[in-house]
Amino acid sequence: MSEIKKGFEPFIGNNPEILILGSFPSVKSRKIEFYYGNPQNRFWKVLAEFFGQPLPQSVEEKKEFLYLNKIALWDVVTECEIVGSSDSAIKNFKVADIQKLLQKIDVKLIILNGGKAYEIFTRHCRVGVPYIQLPSTSPANTHFAKEKWFDALSTVFGRN
């Protein structure tokens, strides 16, 4: 039987220009208590390559990376019943109050990391900020295309 799991508070950082929304933290992320904790997830690798910076390793390095690069992170689901890490296992979820967050930050773009994040976001959230669905950085996604991530990031940050 599944139990209710809670996600993380949003990471806002320093005057973020972009908000990246995932679906819900994986088992490995919940273990380290920060976003994208599975070393096989492409998230940190793609961002580090785009910004031309070293791959952050520790949670503190990841927070500093986000802070310096003006990126906010959160998930569209704040709590749910889930067994394992698969998006398909998310049940009985509560949706993040994205509108309330956007009253505190002035981002130029929202990136939805994968199909489940996009599905929940478009069904439950109405915002006045441009948003885009990008291929999930999850290691389970066999159709990942970092070029799409680079293109989206470059609309806000320019090409590095």
Side-chain angles (χ1 to χ4, degrees), residues 7-8 10-32 34-59 61-78 80 82 84-90 93 95-96 98 101-102 105-160:
F8 309 133
F11 180 87
I12 296 173
N14 176 34
N15 257 347
E17 295 186 28
I18 199 162
L19 170 62
I20 301 175
L21 296 171
S23 53
F24 190 75
S26 69
V27 170
K28 290 182 180 181
S29 295
R30 294 191 305 264
K31 185 175 181 178
I32 68 161
F34 199 66
Y35 299 92
Y36 304 100
N38 182 342
Q40 301 307 311
N41 192 300
R42 302 172 186 99
F43 183 82
W44 297 108
K45 294 175 190 114
V46 168
L47 290 180
E49 184 178 339
F50 176 81
F51 287 105
Q53 296 172 359
L55 182 65
Q57 300 295 325
S58 69
V59 170
E61 287 175 1
K62 291 172 182 177
K63 288 178 179 180
E64 181 69 12
F65 180 92
L66 296 169
Y67 184 86
L68 291 173
N69 292 297
K70 299 187 174 289
I71 298 169
L73 285 183
W74 205 13
D75 289 309
V76 294
V77 172
T78 59
C80 64
I82 187 167
S85 299
S86 174
D87 282 353
S88 64
I90 295 173
F93 57 87
V95 178
I98 308 296
L101 177 65
L102 292 175
I105 60 175
D106 185 25
V107 296
K108 298 174 184 169
L109 179 67
I110 296 172
I111 291 177
L112 295 145
N113 189 354
K116 189 67 165 187
Y118 180 80
E119 172 193 324
I120 294 170
F121 178 86
T122 55
R123 187 175 296 152
H124 298 279
C125 302
R126 298 288 175 260
V127 299
V129 175
Y131 59 88
I132 184 172
Q133 176 188 353
L134 291 179
S136 172
T137 57
S138 166
N141 179 14
T142 58
H143 302 293
F144 181 74
K146 74 177 175 183
E147 296 77 22
K148 290 183 180 183
W149 274 82
F150 284 13
D151 289 346
L153 292 166
S154 68
T155 66
V156 174
F157 300 113
R159 256 307 176 187
N160 289 341

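- Of the inter-residue distances, the one linking Thr155 atom OG1 with Glu17 atom CD reads 10.5 Å to the nearest 0.5 angstrom.
- The nearest pair of heavy atoms linking Arg126 to Arg123 is NH2-O, 4.3 Å.
- In this structure, Val95 and Cys125 approach most closely via the heavy-atom pair CG1-SG, 4.0 Å.
- For the atom pair Leu66 CG and Ile18 CD1, the distance stands at 11.5 Å (nearest 0.5 Å).
- Of the inter-residue distances, the one linking Leu101 atom CG with Ile12 atom CD1 reads 5.0 Å to the nearest 0.5 angstrom.
- Of the possible polar contacts, none joining the Asn38 side chain to the Ser138 backbone as a donor-acceptor pair under 3.5 Å is found.
- In this structure, Tyr131 has its ring center under 6.0 Å from that of Phe121.
- Between Ile71 atom CD1 and Leu47 atom CG the span is 5.0 Å, to the nearest 0.5 Å.
- Between the CZ atom in Phe24 and the NZ atom in Lys116 there is a gap of 12.5 Å [rounded to 0.5 Å].
- Classified by interplanar angle (parallel below 30°, tilted 30° to 60°, perpendicular above 60°), the ring pair Phe144/Trp149 is tilted.
- Note: Leu109 CG to Ile20 CD1 = 9.0 Å, rounded to the nearest 0.5 Å.
- You'll find the side chain of Asn141 reaches within 4.5 Å of the side chain of Arg42, heavy atoms only.
- The closest donor-acceptor contact from the side chain of Ser29 to the backbone of Tyr36 lies under 3.5 Å.
- A side chain to side chain contact (heavy atoms under 4.5 Å, CB included) with Leu21 holds for exactly one of Ile111, Ile98, Asp75; it is Ile98.
- Shortest non-hydrogen contact noted between Val107 and Pro16 is CG1-O, 3.6 Å.
- In terms of modelled atom types and a separation under 3.5 Å, the side chain of Trp44 and the main chain of Pro56 share no donor-acceptor contact.
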- Task: Kindly determine whether Leu19 and Leu102 satisfy side chain to side chain contact (heavy atoms under 4.5 Å, CB included), including the steps that lead there.
- Result: CA-CA 9 Å; Leu19 170 62; Leu102 292 175; 4.3 Å; yes
- Take Ser23 and Ile120 through the test side chain to side chain contact (heavy atoms under 4.5 Å, CB included) and record every step on the way to the result. CA-CA 8 Å; Ser23 53; Ile120 294 170; 5.6 Å; no
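- At distances below 3.5 Å, not a single donor-acceptor pair connects side-chain atoms of Glu119 with backbone N or O atoms of Gly115.
- For the pair Lys62/Tyr35, no side-chain contact is recorded, criterion being any heavy-atom separation below 4.5 Å from C-beta on.
- Residues Phe51 and Phe65 are in side-chain contact: their nearest non-hydrogen atoms beyond the backbone lie under 4.5 Å apart.
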- Carefully, step by step, assess Tyr118 and Leu134 under the rule side chain to side chain contact (heavy atoms under 4.5 Å, CB included). CA-CA 9 Å; Tyr118 180 80; Leu134 291 179; over 6 Å; no
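- Within the 4.5 Å cutoff, the side chain of Lys70 has no heavy atoms near those of the Val156 side chain.
- Residue Lys45 comes nearest to Pro39 through the heavy atom pair NZ-O, 2.7 Å, listed as atom of the first residue, atom of the second, then distance.
- Summarising the local packing, CZ of Phe8 is surrounded by more than 12 heavy atoms from other residues, nucleotides or ligands at distances under 6.0 Å.
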